[in-house]
There are 2 protein chains.
Amino acid sequence: MNEFKKTPTIQDVARVAQVSSATVSRALTSPERVSEATRERITEAVLATGYTVNQMARSLRLRAAKTILIAIPNIGNPFYSTILDAVVQDAAERGYGVLVANRLGGDPTRGLKDYFYSNRADGLLLFDASLDLEALQDLPLVRGNRPLVLSCDDIPDAPLDMVMTDNREAVETAVQHLIGLGHTKIGTVRSRTTPNVPSERHAGFELAMQRAGLPIRQEWVWQGDHAIAGGIAAAESWLALDERPTALFCGNDETAIGFISRLRRAGVECPRDVSVIGFDDIAVAEHLSPALTTMRQPRHQMGKVATALLLDILEGPAGERPPIRHVLKSELVIRTSTSAPPA
Amino acid sequence: MNEFKKTPTIQDVARVAQVSSATVSRALTSPERVSEATRERITEAVLATGYTVNQMARSLRLRAAKTILIAIPNIGNPFYSTILDAVVQDAAERGYGVLVANRLGGDPTRGLKDYFYSNRADGLLLFDASLDLEALQDLPLVRGNRPLVLSCDDIPDAPLDMVMTDNREAVETAVQHLIGLGHTKIGTVRSRTTPNVPSERHAGFELAMQRAGLPIRQEWVWQGDHAIAGGIAAAESWLALDERPTALFCGNDETAIGFISRLRRAGVECPRDVSVIGFDDIAVAEHLSPALTTMRQPRHQMGKVATALLLDILEGPAGERPPIRHVLKSELVIRTSTSAPPA
DNA sequence: CTGAAAGCGCTAACAC
DNA sequence: GTGTTAGCGCTTTCAG
């Protein structure tokens, strides 16, 4: 209505409704503490003035930003963007905004610290396992109520609240699938891992191989980057090998896509010449040719569970408490990129 | 240091540096307005206290949240997540946080309004063309300085600041590519479009067909959903046809992926039996089998340009001005999903 | 060049 | 059930 007046405040509403600003505030946040009649007058006044709360003022007063920060290593990766989708949805439903962080310059924790110290976010959802855990301890939030939920797969015993998947078992299942098909020469493209922390996924690989009495040959273990490029590099290395593995476990689906694609260009067919199993089950996996066998990760659920946990912590009582840990189940999805080894 | 004290304020710094809080504030925001000596004392005091600014208080005072809001129809789609990546990066470099919005309940603009009316965000990056433009006019920001940048492809002459690609030409190029290969029976899976606004992409399709003197057959025009499912549905419809188009233009890459995949299950091979061209060039496109011919959209650049434009508007002078429009170029990427029609 | 003081819009004691 | 008042942490006149 008032095109040229500044945005209405709680005072304006109070004036129109003929009450004090405190009463308006009460009517807004806990309506039951206000009489029926005044509540109605206030509701009308809100409508008449076009009032909406100023979240900044409220946050300053309440010392709560009603905002959470999410740190993701690679937003462009469909795996993470699905998680983000779930987080935004669920946070919004509980009245929280979601700020997206990225790495700033050299120190990856730098940006995160800034957000917290500046009171822009109340809690942190950390999906980036490649951050240095030591540096994390510096975050103010790690003390006390600890509004930080970590969701990654390579820090199994950090004293933090976590949402993770059953990685070690998942990889075991994947490798057992290959072994069950008759493969004995099995390689892997390792996923990226947290500095100075042994990789859970790789541990699962070693375990499965060991149990089956199969050797792990270092020239069949490649370091990936969780992206297509890493799969391509591994494929080129594979092609140069004298003795090649007949099956490959890839740390994620993009890696598998790059590997299969590069091999095809060289005339090597999957699964005829080499079986490949991925990890994640991103949306395109089932539509590839060959359709990708993979371990499905409950990404959407990961986002939901992590959000719920963080918001419960934020809204729950302060004080020391033991860390909470959710472990979600992965699932083997058998498609056509894996088969018995060539004769 | 002070584990149990509340976070330090500007007052604490002032006390330690033996100056007034006003001087600390000045030293922080415009150091040149403070004498060398005091500036140094203040710098030391900041370090000693571990002070960081409280963004909430600053925002309340300055009436600026230093935050932008980005609205994306589908975060899970790699096309949008790449844009988001660029936006977060560039916004952070200029000191802005990025809030991610999603649709809340029935009224899609509802959530957006809330963010603005509540002063949580200073500007809006709108990548969601499916919002109702009329409703958009209600947003307070559309008046005056108009801190809203729209980036989509189907509202060519809205009086708004926009970043778009040369859609009509891009689709023309795509269709001409098919025609150049010898196709005359060409169908399309239309992309989703803004309600009540004619689709630019479809207009490009019609134009190219018309120029080549080719008829547009309605049974060869399918409505997609910008996702794999839409491509699958179109494929099933295609399979049921008596007379089938030999080439298909898809509104985006996921649609093409779904289409090709579903056809393959039915024994129909691309490009042997039907040529398919996509739109976007998402990362996997070149690694598919067949590798997807597509129109590459400069997604990263779209994010960067849109962010720069919005922040320039926010930080520039207020007042009326003509709308700004950036048009970015698409690029035909020929791969193997398109070939001459079957004999 | 610096300090005092006001106030951004809101909520929470504390009165009545 | 409602009003008064103070203050969250910051910036910005206005004096000096």
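Only this structure's heavy atoms are used, side chains among them; waters, hydrogens and symmetry mates stay out.
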message: Assess whether a salt bridge exists between B:Glu315 and B:Arg94, defined as any Lys/Arg side-chain N lying under 4.0 Å from an Asp/Glu carboxylate O.
response: yes
message: Classify B:Ser25 by what it touches in the nucleic acid, base, sugar-phosphate, or nothing, heavy-atom distance under 4.0 Å.
response: base
message: Between the opening five pairs and the closing five pairs of the helix from C:dC1-D:dG16 to C:dC16-D:dG1, how far apart are the helix axes, to 10°?
response: 40°
task: Give the rounded distance in Å between these two atoms: CD of A:Glu32 and P of D:dT2.
output: 13 Å
query: Which whole-number value in Å describes the distance from A:Arg58 CZ to D:dG9 P?
result: 18 Å
task: May I ask you to decide if A:Ala64's main-chain N or O and A:Ser59's side chain share a donor-acceptor pair within less than 3.5 Å?
output: yes
- prompt: What's the spacing between A:Leu124 CG and A:Ile68 CD1 if we round to 0.5 Å?
  reply: 9.0 Å
- prompt: Between B:Arg41 (CZ) and C:dC1 (C1'), how many Å, whole number?
  reply: 12 Å
- prompt: Taking A:Asp122 for the side chain and A:Lys66 for the main chain, is one N or O donor matched with an acceptor at less than 3.5 Å?
  reply: yes
- prompt: Would you say D:dG9 has OP1 or OP2 under 4.0 Å from some side-chain N or O of B:Thr9?
  reply: no
- prompt: Could you state the CE-P distance from A:Met56 to D:dC10, rounded to the nearest angstrom?
  reply: 15 Å
- request: For B:Leu28 and D:dG9, give me the distance from atom CG to atom P, rounded to whole Å.
  value: 15 Å
query: Is B:Thr38 near enough to C:dT2 that one of its side-chain N or O atoms lies under 4.0 angstrom from OP1 or OP2?
result: yes
task: Confirm from the modelled atom types if B:Arg26 and C:dG3 form a donor-acceptor pair under 3.5 Å, side chain to base only.
output: yes
query: Can any side-chain N or O of A:Arg41 pair as donor or acceptor with the backbone N or O of A:Ala17 at less than 3.5 Å?
result: yes
message: Without decimals, in angstroms, what is the distance between B:Asp12 CG and D:dC10 P?
response: 9 Å
message: Here's a test of your reading of the structure: between B:Arg61 and B:Val34, which maps to the more 5' nucleotide of DNA chain C?
response: B:Val34
task: Determine whether A:Leu99 and A:Ile70 make a side-chain contact, defined as any pair of heavy atoms from C-beta on separated by less than 4.5 Å.
output: no
Integer-rounded Å distance: C:dA13 C1' and A:Leu62 CG: 14 Å
statement: Between B:Ser35 and B:Ala57, whichever has its closest DNA chain C nucleotide further toward 5' is B:Ser35
message: What is the distance, to the nearest angstrom, from the CZ atom on A:Arg39 to the C1' atom on D:dT2?
response: 14 Å
- prompt: Distance-only, no hydrogens or angles: does the A:Asp90 side chain make a donor-acceptor pair with backbone N or O of A:Val87 under 3.5 Å?
  reply: no
